[in-house]
Undergrad: 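Right, I'll just put the structure down here and ask away after.
Everything numeric here is computed off the predicted structure, so don't read it as measured data.
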Amino acid sequence: MSEEFDATYDIVVVGAGASGLSCAVQAAKDGLTCAIIEKEPQTGGSSAFAEGHAAFESDEQIKRGINVTKEQAFNTYLDYSHWRADPPLVSRFVENAATTIVKMRDEVGAVYEDVTVTALDQPGELTTWHLPEGEVARLIELLEADARRRGVDVFLSTAATRILTDDTGKVTGLVAKDADGQEVRLGAKAVVIGTGGFAANPEMLDKYTKYGIGDKMINVGGQGNTGDGINMVLAAGGTEHNSIGTLLLFPLMRDKTITSHTNCTGMQPYFWVNTEGRRFTDEVVGMSFGNAGDVVATLPGACYWCIIDQATIRHLVEDGNEIGLGIYVRNNEKMVNLPTEIEADAADESRTNVVKGETIEELGRNMGVDPAVLRAEVDAYNELCAAGVDTKFHKPSKFLFAVAEGPFFAIKMETGIMISMGALKIDEHMRCLDADGQPVPGLYSVGCDAGGLFGESYALPIPGSANGFALTSGWLAADDIAEAIHAGAL
C-alpha cells in the first residue's frame, strides 16, 4: 500500500539558508520538482548575517591579480584541521567553489565588489573572501527570487519534524508542521538537510562541546539553528561526524551591536585580564577572532576584560583600530564614535560590562577584582611596554600600549557564537552515511549541518569557508541527486 502525501516532489530541501536555496535553485535547473521548507518566517538563516564566501582560482580573483591555488586551499584545510577534515569532501569543495562564483554572478545576479582577507596581520591568511554587493543577505534575496521564478515551492513558517523512510531505510519524504500547526506530509525521492547547525540550542552545545557554557553563549546567527535537521537525520539512520562539536566563536559584548566601537575596542590586542584581574595571554590572538573566541570560552566566567587608557583611546580615534569586524567595522577604521560611546556605556547603570575608574584601583573595584592584583598586573605590563619587549607572552612590540593615563575603562567581552560547523557524517556527494559508512538512500546534508570540512575549529586562514561551502555543497548535492534520479537510482 502506497503512503499518502499532501504533495510529492523529486527533492524536498529543509532549511532556506544559503545551502538550501542553492540546492533548490540547482534542482530546478536540473529539471527536478522541488520544495524548500523553512521554519522561520523568512529565508536566510545565519547566512543572512554573513559578508562573503570563499573560492579558489576564481575569475574574480584572477582579474584582481590574486593567486590562491586550489592546491594551496586543499593543503591549508587539511593542515589546519590536523588532517581531521575529510580529504574527498575538501577536494570536491575546493575544486568547485570557483564555479559557485560564476553561478551566483552570471546566473543569479550577484555583483562582487572585492576579494580580500579579514585581518591584515593574521599569519597565513589566504585572499579568498569574495564580497558581493549587499553581502550574502543580497545573495539570499536573489536566490529566493530565482527559486520561486523557476517553480520551486517555498514554504515559510513550516517546520520539518520527521524524515520518512520505507522498510529498506530509503527516504520517502518527511513530515512537517505548517504555520497553523497542521501536519503536512511531503513525499520525496531525496531529502536534503540544510538547517544551519545547533548554535541556538544550549543543550546541544553542552552535549557536543567541551565548554559547558551553552546558556551563556551570545548567539548572533540564526535563532532557528536549533539542530532540528541533525536530530532528524540521526533518527533516520545517519551518524555524527567526529567534528560535530566544531563552533565558530568570537569575543562579543553582551547587548551591543557588531557595529559598536566599544565592542570592537574590546577585541583589540591591548591589555586583557581575566575575572581575577590577571593577564592571561598574548592579546594578539584578537587578530584571529575565531582563536580569540576559543580562548574566551575556556576562561572563568567565559569572559575577559580589555582595559584601555586615554592615550589608547586617542590612538584608536586618530590612527584607527588594529583589527575590525569584517565590513561592519573596517580594518584600520578610525574609531570616532568611541569616546562618546564608551562614556555613555560606563554611565549607563543598567550596563555592567563597561566600567570606568579615575585610578587603576578604582577601576579594579568597579570591575569586581582585587585592586592590588590589578595594580600589580598593570605595573608589570607597563614595564614591558616601556622596554618594548613582552617577555611574558611575547606579543609583538607594535601592540604594546601602556595603561598609564587615566581615567581608565574596562570592557567586558563574553563568548559569542556565529554558527556550529560539522555535525553529520557525509561523503563527497553530500550523502548522509550510516553507522557502517554506507549512504542512507535519498538522504543528503549540506552547509553547517554537514561534517568534514573542518577539524576542531573554523579554518581561519581561509575566510568565507562556511558560506563558500554552504553555497557550493547546495548545488553539488542537487546535481548528484539529479544524476541519481535520472539513472533510476533514487
Undergrad: With a 4.5 Å limit on heavy-atom distance, are the side chains of Cys264 and Met335 in contact?
TA: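 In short, these two side chains touch, coming nearer than 4.5 Å.
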Undergrad: Counting C-beta onward and ignoring hydrogens, is there a side-chain heavy-atom pair between Arg64 and Thr127 closer than 4.5 Å?
TA: no
Undergrad: Whether Glu95 and Arg92 form a salt bridge (side-chain N of Lys/Arg under 4.0 Å from carboxylate O of Asp/Glu) is what I want to check.
TA: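 Salt bridge between Arg92 and Glu95, a charged N being under 4.0 Å from a carboxylate O: no.
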Undergrad: Start with the C-alpha distance between Arg105 and Glu60, add both sets of side-chain angles, then the distance that settles side-chain contact (heavy atoms from CB on, under 4.5 Å), and finish with yes or no.
TA: CA-CA 10 Å; Arg105 184 190 61 217; Glu60 293 287 342; 2.9 Å; yes
Undergrad: Which heavy atom of Gly293 sits nearest a heavy atom of Pro251, and at what distance?
TA: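 So the two residues come closest at N-CD, 3.8 Å.
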Undergrad: Can you find a pair of side-chain heavy atoms, one from Thr69 and one from Asn67, that are under 4.5 Å apart?
TA: yes
Undergrad: For Asp436, does its backbone N or O pair with a side-chain atom of Asp434 as donor and acceptor, under 3.5 Å?
TA: yes
Undergrad: What heavy-atom pair brings Leu205 and Ala199 nearest, and what distance separates the two atoms?
TA: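 Answer, listing the atom of Leu205 first, then Ala199: CD1-O, 3.5 Å.
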Undergrad: Between Val94 and Gln72, is any pair of side-chain heavy atoms under 4.5 Å apart?
TA: no
Undergrad: For Gln223, does the CD atom sit with more than 12 other heavy atoms under 6.0 Å from it, leaving out its own atoms?
TA: yes
Undergrad: Looking at Asp390 and Arg279, is any side-chain nitrogen of the basic one under 4.0 Å from a carboxylate oxygen of the acidic one?
TA: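 Here Arg279 pairs with Asp390 in a salt bridge, since their nearest N and O are under 4.0 Å apart.
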Undergrad: Over all heavy atoms of both residues, which pair between Ile323 and Pro269 is shortest? Give the atoms and the distance, please.
TA: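 Scanning both residues, the minimum pair turns out to be CG2-CD, 4.4 Å.
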Undergrad: Assess whether side-chain contact (heavy atoms from CB on, under 4.5 Å) is satisfied between Leu156 and Val154, documenting all intermediate values.
TA: CA-CA 6 Å; Leu156 302 178; Val154 181; 4.0 Å; yes
Undergrad: Is there a side-chain contact (heavy atoms from CB on, under 4.5 Å) between Ile426 and His241? Walk through the geometry before answering.
TA: CA-CA 8 Å; Ile426 65 169; His241 190 273; over 6 Å; no
Undergrad: Would you indicate whether Lys210, at its atom NZ, is surrounded by more than 12 heavy atoms from other residues, nucleotides or ligands within a distance under 6.0 Å?
TA: no
Undergrad: Rounded to the nearest 0.5 Å, what's the gap from CG on Leu316 to CG on Asn337? Could you check?
TA: 12.0 Å
Undergrad: Check whether any side-chain N or O of Thr281 sits under 3.5 Å from a backbone N or O of Glu283 as a donor-acceptor pair, and report yes or no.
TA: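 A pair under 3.5 Å: no.
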Undergrad: Taking side chain as C-beta onward, heavy atoms only, is Val12 less than 4.5 Å from Val192?
TA: no
Undergrad: At what distance, to the nearest 0.5 angstrom, does OH of Tyr458 lie from OG of Ser465?
TA: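 Taking OH in Tyr458 and OG in Ser465, the distance rounds to 4.5 Å.
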Undergrad: Counting distance only, does the side-chain N/O of Asp106 pair as donor-acceptor with the main-chain N or O of Gly109 below 3.5 Å?
TA: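 No.
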Undergrad: Look at the side chain of Asp206 and the backbone N and O of Gly214, then say whether any donor-acceptor pair between them is shorter than 3.5 Å.
TA: yes
Undergrad: Between Asp449 and Thr195, is there a donor-acceptor pair closer than 3.5 Å when you use the side chain of the first and the backbone of the second?
TA: yes
Undergrad: Any side-chain donor paired with an acceptor under 3.5 Å for Ser22 and Lys103?
TA: no
Undergrad: In the structure I gave you, are the side-chain heavy atoms of Asn467 and Leu139 within less than 4.5 Å of one another anywhere?
TA: no
Undergrad: Would the distance check show the side chain of Asn263 and the main-chain N or O of Met253 forming a donor-acceptor pair, the cut-off being under 3.5 Å?
TA: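 Yes, Asn263 side chain to Met253 backbone: donor-acceptor pair under 3.5 Å.
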Undergrad: Could you tell me if Ser19 and Ser473 have a donor-acceptor pair between their side chains, going purely by distance under 3.5 Å?
TA: no
Undergrad: OG1/Thr415 to CG/Leu299 distance, rounded to the nearest 0.5 angstrom?
TA: 7.5 Å
Undergrad: Using distance alone, with no hydrogens and no angle criterion, decide if His82 and Glu456 have a side-chain donor and acceptor under 3.5 Å apart.
TA: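 Glu456 and His82 do not have a side-chain donor-acceptor pair below 3.5 Å.
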Undergrad: Let me see the working for Ser58 and Tyr112 under side chain to side chain donor-acceptor pair (under 3.5 Å), right down to the final yes or no.
TA: CA-CA 11 Å; Ser58 76; Tyr112 288 92; over 6 Å; no
Undergrad: What's the spacing between Thr298 OG1 and Phe280 CZ if we round to 0.5 Å?
TA: 8.5 Å
Undergrad: Whether the side chain of Ser91 engages the backbone of Pro87 through a donor-acceptor N/O pair (distance < 3.5 Å, no angle test) should be reported.
TA: no
Undergrad: Quick one: does Thr99's side chain get under 4.5 Å of Trp475's, heavy atoms only?
TA: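 Side-chain contact under 4.5 Å: yes.
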Undergrad: Can you tell me if CD on Gln42 sees more than 12 non-hydrogen neighbours from other groups inside 6.0 Å?
TA: yes
Undergrad: Distance only, no hydrogens: is a donor on one side chain within 3.5 Å (strictly under) of an acceptor on the other, for Thr43 and Glu38?
TA: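 Short answer, no.
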Undergrad: Given Ser420 and Asn225, is the side-chain contact (heavy atoms from CB on, under 4.5 Å) satisfied, shown in steps?
TA: CA-CA 9 Å; Ser420 67; Asn225 294 342; over 6 Å; no
Undergrad: Write down the atom of Val13, the atom of Cys23, and the distance for their closest heavy-atom approach.
TA: CG2-SG, 3.9 Å
Undergrad: Is Lys189 salt-bridged to Asp10, going by a charged N under 4.0 Å from an acidic O?
TA: yes
Undergrad: Closest approach of Gly124 and Pro461, non-hydrogen atoms and distance?
TA: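 Heavy-atom minimum between the residues: O-CB, 3.6 Å.
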Undergrad: Ring centroids only, cut at 6.0 angstrom: are Phe56 and Phe93 within range, meaning strictly under it?
TA: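 Close enough - the centres of the two rings lie under 6.0 Å apart.
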Undergrad: What orientation do Phe155 and Tyr9 show, parallel under 30°, tilted 30 to 60°, or perpendicular over 60°?
TA: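 Geometry flag for Tyr9 against Phe155: perpendicular rings.
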Undergrad: Mark yes or no for whether Thr239, through its side chain, and Lys425, through its backbone, hold a donor-acceptor pair below 3.5 Å.
TA: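 Between the backbone of Lys425 and the side chain of Thr239 there is no qualifying donor-acceptor contact (under 3.5 Å).
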Undergrad: For the residue pair Asp282 and Phe393, what are the closest heavy atoms and their distance?
TA: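 So the two residues come closest at CB-O, 3.4 Å.
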Undergrad: Between Thr100 and His53, is any side-chain donor less than 3.5 angstrom from a side-chain acceptor?
TA: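 Short answer, no.
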Undergrad: Could you check whether the rings of Tyr304 and Trp272 sit parallel, tilted or perpendicular, using 30° and 60° as the cut-offs?
TA: parallel
Undergrad: Would you call Lys216 and Glu414 a side-chain contact if the rule is heavy atoms closer than 4.5 Å?
TA: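 Side chain of Lys216 against side chain of Glu414, heavy atoms only: no contact under 4.5 Å found.
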Undergrad: Checking side-chain contact (heavy atoms from CB on, under 4.5 Å) between His429 and each of Leu89, Asp480, Leu476, which is the one that passes?
TA: Asp480
Undergrad: Are the side chain of Glu144 and the backbone N or O of Ile140 linked by a donor-acceptor pair below 3.5 Å?
TA: no
Undergrad: Atom CG of Asn321 and atom NZ of Lys334: how far apart are they, to the nearest 0.5 Å?
TA: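 It is 12.0 Å, given to the nearest 0.5 Å.
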Undergrad: Among Asp228, Ile163, Leu174, whose side-chain contact (heavy atoms from CB on, under 4.5 Å) with Val14 holds?
TA: Leu174
Undergrad: With rounding to the nearest 0.5 Å, note down the distance linking CD1 in Ile417 to CG in Leu247.
TA: 4.5 Å
Undergrad: For Ala478, does its backbone N or O pair with a side-chain atom of Gln26 as donor and acceptor, under 3.5 Å?
TA: no
Undergrad: When you compare the side chains of Glu51 and Tyr328, does any donor N or O come within less than 3.5 Å of an acceptor on the partner?
TA: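 No, no side-chain donor-acceptor contact under 3.5 Å.
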